[in-house]
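Keep in mind that this is a model prediction, so the values were computed, not measured.
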Amino acid sequence: MSDRATFLVGRRRYESSFGAVGLDLDLLAGPRAFVPFAEAHAEATGSWYDDDVCEAGALVDVDAKVLLVFAWEGVFASTRTRAAACELLRLAWPGWRVRWLYDGQRGLRAYVGAQPCTYRSRATAGPVLEPGDPELAEPDPSVLVVTVGGRCHVLGMIGDQPVDEGPALLERLAGEPSHAGYSGACEGGVHVDPRLRRVGWWHTTRQPWLAEVGERWPGWTVTPPLAATRAAEAREAIIRAHASAL
């Protein structure tokens, strides 16, 4: 088992088998400490990690003063602590544009012009949790909420975002335990309206396949998450500015 991370300093790429652990603390040391730390890893010249197995990453563009970051776990990923952690990060990187990558390593690839991974044919499904499951008593449970019409289901965030499953998600949840409602912390959600054939979804961590989610629901209207859309637009603006400066 490993905790893969990708670091980029400019266009130079470095990989770490266990760099995802503690990346938040490494970044909070600021650019003068983090850049040498990243460059101390072996430079990668071959293929990238698959986007769905790279658990954390950061890109440092020293010339443009841009920092892009994502992580599956830790204070940056948690909804309880992300706002405070990102504020500390901005203080540690004064004068830098700091952006969270909702599409994970795919966002790093986009910045340097590398091709994304091929979209997988099947999604990995997370388990459906019953009411009273011990994980729901945690202050920061790793769960998602899926509502189908008037039913509410809570799923463990172990596999992919359930929206990746397409209409097969409805078949999987039919007959599964439902909740009267859920108001606890969660990492994302999906709402499916079978009558209108509409799907809305959101997430707080990373979703490498942002651009392809609509393809998983042929004949349905899929509304992407607003926060992720705005983040992607901001990242594209940064990429354009970066490219024009080359």
Side-chain angles (χ1 to χ4, degrees), residues 3 5-8 19-35 37-38 54-61 64-108 110-111 126 135-147 154-158 160-163 181-191 200-208 210 223-239:
D3 301 278
T6 296
F7 309 131
L8 287 102
V21 177
L23 178 60
D24 41 13
L25 295 178
D26 295 325
L27 286 168
L28 288 173
R32 291 186 179 180
F34 182 76
V35 170
F37 166 78
C54 184
E55 299 185 16
L59 180 146
V60 180
D61 186 333
K65 284 199 168 184
V66 170
L67 172 64
L68 307 180
V69 61
F70 76 95
W72 292 11
E73 298 178 345
V75 294
F76 293 141
S78 170
T79 54
R80 286 191 304 115
T81 54
R82 180 184 296 174
C86 286
E87 185 60 30
L88 290 174
L89 191 59
R90 292 186 178 94
L91 292 174
W93 295 68
W96 288 67
R97 285 180 287 176
V98 179
R99 295 288 184 271
W100 175 263
L101 294 176
Y102 283 93
D103 49 358
Q105 184 183 246
R106 187 168 186 165
L108 302 181
Y111 192 90
E135 183 164 358
L136 301 180
E138 296 287 336
D140 199 13
S142 183
V143 299
L144 300 102
V145 176
V146 179
T147 54
V154 181
L155 280 62
M157 184 53 183
I158 296 175
D160 296 309
Q161 223 282 4
V163 75
Y182 181 76
S183 59
C186 60
E187 298 181 3
V190 181
H191 175 67
W201 66 284
W202 62 276
H203 71 124
T204 62
T205 52
R206 90 285 174 265
Q207 170 73 3
L210 279 173
T223 303
L226 182 60
T229 301
R230 288 178 173 172
E233 290 173 349
R235 191 193 70 235
E236 290 300 323
I238 292 173
I239 293 172

Nearest heavy-atom neighbours spanning Ala5 and Gly19: CB-C, 3.5 Å
Over all atoms of both residues, closest heavy-atom pair of Leu155 and Gly126: CD2-O, 4.1 Å
Below 4.5 Å, heavy atoms only, C-beta onward: do Phe70 and Gln105 meet side chain to side chain? yes
Evaluate side-chain contact (heavy atoms from CB on, under 4.5 Å) for Leu101 paired with Val69, printing each intermediate quantity in order. CA-CA 6 Å; Leu101 294 176; Val69 61; over 6 Å; no
According to ring pair (Phe, Tyr, Trp, His ring centres under 6.0 Å), who are the partners of Phe76, at least two apart in sequence or on a separate chain? none
At their closest point, which heavy atom of Gly74 faces which heavy atom of Asp24, and how far apart are they? CA-OD2, 4.0 Å
Test side chain to side chain contact (heavy atoms under 4.5 Å, CB included) applied to Val21 - qualifying residues, sequence neighbours left out: Asp3
With sequence neighbours left out, the residues meeting side chain to side chain contact (heavy atoms under 4.5 Å, CB included) with Glu73 are none
Test side-chain contact (heavy atoms from CB on, under 4.5 Å) on Val60 and Leu8 and set out the steps. CA-CA 6 Å; Val60 180; Leu8 287 102; over 6 Å; no
Would you say the side chain of Trp201 lies within less than 4.5 Å of the side chain of Thr223, judging by non-hydrogen atoms? no
Fit a plane to each ring of Phe37 and Phe34, take the angle between them on a 0 to 90° scale, and name the class: parallel (under 30°), tilted (30 to 60°) or perpendicular (over 60°). tilted
Looking only at heavy atoms, what is the nearest atom pair of Arg90 and Val98, with distance? NH2-O, 3.9 Å
When rounded to the nearest 0.5 Å, the distance separating SG of Cys86 from CH2 of Trp93 is 13.0 Å
side-chain contact (heavy atoms from CB on, under 4.5 Å) evaluation trace for Cys54 with Trp72: CA-CA 9 Å; Cys54 184; Trp72 292 11; 5.9 Å; no
Would you mind writing out the side-chain donor-acceptor pairs for residues 140-147 within the sub-3.5 Å range, not counting sequence neighbours?
unit_1, atom_1, unit_2, atom_2, d
Asp140, OD2, Ser78, OG, 2.5
Ser142, OG, Met157, O, 3.4
Ser142, OG, Glu187, OE2, 3.2
Thr147, OG1, His191, ND1, 2.6

Could you label the plane-to-plane angle of the His203 and Tyr102 rings as parallel, tilted or perpendicular, counting under 30° as parallel and over 60° as perpendicular? perpendicular
Side-chain contact test, heavy atoms from C-beta onward, threshold under 4.5 Å: evaluate it for Leu59 versus Leu67 and give yes or no. no
Which atom pair, heavy atoms only, marks the closest approach of Tyr111 to Leu68? CD1-CD1, 3.6 Å
Between Thr81 and Val75 (side chain of the first, backbone of the second, donor and acceptor by atom type, cut-off under 3.5 Å), is there such a pair? yes
State whether Trp100 and Arg82 meet the cation-pi test: NZ (Lys) or CZ (Arg) under 6.0 Å from the six-membered ring centroid, and within 45° of the perpendicular axis. yes
Can you check side-chain contact (heavy atoms from CB on, under 4.5 Å) on Leu23 and Phe7, steps first, answer last? CA-CA 10 Å; Leu23 178 60; Phe7 309 131; 3.7 Å; yes
Could you tell me whether the side chain of Asp61 and the main chain of Ala64 form a donor-acceptor pair under 3.5 Å? yes
